[in-house]
S.K.: 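Quick one: structure below, then a few questions.
Start at 1 with the first residue, then count along the sequence. Counting starts at 1 for both ligands and their atoms, in listed order.
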Amino acid sequence: MRAVLSKTPGGPETLVVEDVLDPTPKAGEVIIEVKAVGINYPDTLIIEDKYQFRPERPFSPGAEVAGVVEAVGEGVKGVRKGDRVIAVPGWGGLVERLAVRAETVIPIPDAMSFEEAAALIMTYGTSYYALKDRAQLKAGETLLVLGAAGGVGAAAVELGKAMGAKVVAAASTNDKVEFALELGADNGLIYPSGPMDKAAQKELSGEFKLATGRDGADVVYDAVGGDYADPALRAMDWNGRYLVVGFPAGIPSLPLNLTLLKSVSVIGVFWGAAVMRDPKAHAANMAELMQMYADGKIRPRVSKTFPLEKAGEAIKALGDRQALGKIVVTVES
Ligand SMILES: NC(=O)c1ccc[n+]([C@@H]2O[C@H](COP(=O)([O-])OP(=O)(O)OC[C@H]3O[C@@H](n4cnc5c(N)ncnc54)[C@H](OP(=O)(O)O)[C@@H]3O)[C@@H](O)[C@H]2O)c1
């Protein structure tokens with residue numbers, strides 16, 4: 001089968017497509033014939049050895065897949081050949097066939113395309129865990145989403161609306177803000193795309209306050225970091241919750257005095273670890289997300305697809321800040 005492999009640390013241009021042996025299922029495993037692979041920011045990091053996990057090389061990136069169960073190993077119950085499923089192996093997904101533990105696959109409804117399914121778990125899983133379990137977002141509260149047109153950001157916009165919040169979307173271009181407004185955001189603003197000095201940060205904080213309303217944001221969803229963090233923290237309401245999700249713009253330092261002045265909680269979000277520590281809570285969240293999909297409250301937006309041979313270009317496009325919603329790699333075997 002064909003596999004996209006990282007053989008040396010580096011950018012997407014270092015990835016190669018090679019023929020490798022097909023996997024066979026061990027006891028408790030299933031083989032998924034992969035149809036679509038969701039691309040996520042961690043794919044840009046893992047191939048450069050900059051992610052929390054460092055798999056042994058050669059390895060394939062690709063954290064989440066959708067496909068059809070092709071074979072089941074000994075002792076597998078509840079999953080059958082022919083089932084349409086999704087799985088989040090973390091890496092290893094940019095291949096034609098993939099072995100995963102049977103208990104980790106989740107069935108998908110007939111109405112859901114493989115492209116949509118491959119764009120569902122990581123972004124909506126992360127954002128739902130962040131908003132529901134970590135921030136305990138309540139209906140009527142104001143949610144400010146940074147990077148609101150990216151993968152996890154767009155999911156946070158839709159989920160924030162589904163949970164009854166007033167959602168303010170912030171992003172670096174007019175197209176991105178328009179996209180977030182189409183997803184349901186109540187209000188939007190464009191922020192500068194490059195680094196900011198103190199004066200520009202102060203100005204941005206004022207814009208955040210204007211867009212969120214007189215009292216500021218109850219919850220900030222920050223999957224961007226960098227110079228955007230300080231202005232967002234300054235634009236928070238009393239008892240605010242600041243969600244630390246990711247740092248494409250750099251790891252910021254926060255002045256802790258600001259958290260004291262408004263009784264703000266800074267809350268870390270590590271969805272992958274939470275899934276491993278509490279698989280039952282993860283399963284419950286996934287069931288709720290599937291119900292929201294069935295009710296038409298959420299729908300992953302796939303703005304661009306690439307074939308398996310061009311997976312490196314897909315990862316490059318995402319790293320270059322080009323994604324609106326999700327980029328997906330499709331696999332034809
Ligand atoms: N904590 C967790 O459990 C968890 C789970 C999944 C992902 N994440 C993290 O969440 C972040 C977003 O992931 P994603 O898959 O949603 O990525 P994505 O689709 O590429 O979105 C990232 C957004 O960050 C913004 N950005 C600002 N500065 C950037 C820069 N220098 N380079 C690239 N993007 C920049 C871009 O929006 P603008 O152009 O509008 O600024 C972009 O839309 C990543 O840091 C990822 O590692 C965390």
Side-chain angles (χ1 to χ4, degrees), residues 11-12 37-48 50-53 61-64 88 90-91 118-131 133-135 144-159 168-181 183 185 188-196 204 221-229 231-232 242-252 266-277 282 285 300-304 314-328:
V37 186
I39 301 301
N40 295 281
Y41 200 81
D43 294 321
T44 69
L45 302 175
I46 201 166
I47 59 176
E48 296 205 41
K50 290 181 180 166
Y51 197 48
Q52 288 104 334
F53 305 105
E64 58 181 333
V88 189
W91 63 88
L120 183 81
I121 310 190
M122 197 138 168
T123 50
Y124 288 86
T126 298
S127 294
Y128 198 41
Y129 167 68
L131 296 175
D133 299 328
R134 303 298 287 138
L144 170 62
V145 181
L146 309 184
V152 294
V157 169
E158 274 199 305
L159 288 166
V168 176
S172 65
T173 68
N174 188 49
D175 283 356
K176 288 185 174 186
V177 171
E178 284 296 323
F179 176 77
L181 291 170
L183 296 177
L189 75 144
I190 305 170
Y191 52 52
S193 61
M196 281 173 274
L204 179 60
Y221 184 97
D222 181 9
V224 174
D227 289 346
Y228 306 96
Y242 188 102
L243 293 166
V244 180
V245 182
F247 319 106
I251 299 177
V266 177
I267 302 177
V269 176
F270 189 176
W271 174 73
V275 168
M276 283 190 250
R277 283 164 180 265
H282 168 57
N285 279 358
R301 305 305 202 278
V302 178
S303 58
K304 216 163 180 193
I315 295 174
K316 181 171 179 345
L318 186 117
D320 286 347
R321 223 163 159 170
Q322 286 175 17
L324 281 182
K326 292 288 294 188
I327 290 175
V328 165

S.K.: Provide the closest heavy-atom pair for Thr123 versus Val152 in the form atom of the first, atom of the second, distance.
M.R.: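 For Thr123 and Val152, the tightest heavy-atom pair comes out as CG2-N, 3.6 Å.
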S.K.: Under a 3.5 Å threshold, yes or no: a donor from one side chain and an acceptor from the other, between Tyr228 and Asp222?
M.R.: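 Result is no, nothing qualifies.
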S.K.: Are Glu64 and Asn40 close enough that some pair of their side-chain heavy atoms sits under 4.5 Å apart?
M.R.: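 The answer is yes; the side chains approach within 4.5 Å.
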S.K.: So, the side chain of Lys326 versus the backbone of Ile39: is there a donor-acceptor pair under 3.5 Å, distance only?
M.R.: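 Checking the backbone N and O of Ile39 against the side chain of Lys326, a donor-acceptor pair under 3.5 Å is found.
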S.K.: Would a distance-only check, ignoring hydrogens and angles, find a side-chain to backbone donor-acceptor pair under 3.5 Å from Asp227 to Met196?
M.R.: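 Judged by distance alone, yes, a pair lies under 3.5 Å.
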S.K.: For ligand 1, list all ligand N or O to protein N or O distances below 3.5 Å, rounded to 0.1 Å.
M.R.:
{"unit_1": "ligand 1", "atom_1": "1 (N)", "unit_2": "Val245", "atom_2": "O", "d": "3.0"}
{"unit_1": "ligand 1", "atom_1": "1 (N)", "unit_2": "Val269", "atom_2": "O", "d": "2.7"}
{"unit_1": "ligand 1", "atom_1": "3 (O)", "unit_2": "Trp271", "atom_2": "N", "d": "2.8"}
{"unit_1": "ligand 1", "atom_1": "15 (O)", "unit_2": "Tyr41", "atom_2": "N", "d": "2.9"}
{"unit_1": "ligand 1", "atom_1": "16 (O)", "unit_2": "Gly151", "atom_2": "N", "d": "3.2"}
{"unit_1": "ligand 1", "atom_1": "16 (O)", "unit_2": "Val152", "atom_2": "N", "d": "2.8"}
{"unit_1": "ligand 1", "atom_1": "19 (O)", "unit_2": "Gly151", "atom_2": "N", "d": "2.8"}
{"unit_1": "ligand 1", "atom_1": "31 (N)", "unit_2": "Pro248", "atom_2": "O", "d": "3.3"}
{"unit_1": "ligand 1", "atom_1": "39 (O)", "unit_2": "Ser172", "atom_2": "OG", "d": "2.6"}
{"unit_1": "ligand 1", "atom_1": "39 (O)", "unit_2": "Lys176", "atom_2": "NZ", "d": "2.7"}
{"unit_1": "ligand 1", "atom_1": "39 (O)", "unit_2": "Arg321", "atom_2": "NE", "d": "2.8"}
{"unit_1": "ligand 1", "atom_1": "40 (O)", "unit_2": "Ser172", "atom_2": "N", "d": "2.9"}
{"unit_1": "ligand 1", "atom_1": "40 (O)", "unit_2": "Ser172", "atom_2": "OG", "d": "3.4"}
{"unit_1": "ligand 1", "atom_1": "40 (O)", "unit_2": "Tyr191", "atom_2": "OH", "d": "3.4"}
{"unit_1": "ligand 1", "atom_1": "41 (O)", "unit_2": "Tyr191", "atom_2": "OH", "d": "2.6"}
{"unit_1": "ligand 1", "atom_1": "41 (O)", "unit_2": "Arg321", "atom_2": "NH2", "d": "3.0"}
{"unit_1": "ligand 1", "atom_1": "45 (O)", "unit_2": "Phe247", "atom_2": "N", "d": "3.3"}

S.K.: Is there a donor-acceptor contact under 3.5 Å from the side chain of Arg321 to the main chain of Ser193?
M.R.: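 It does hold such a pair.
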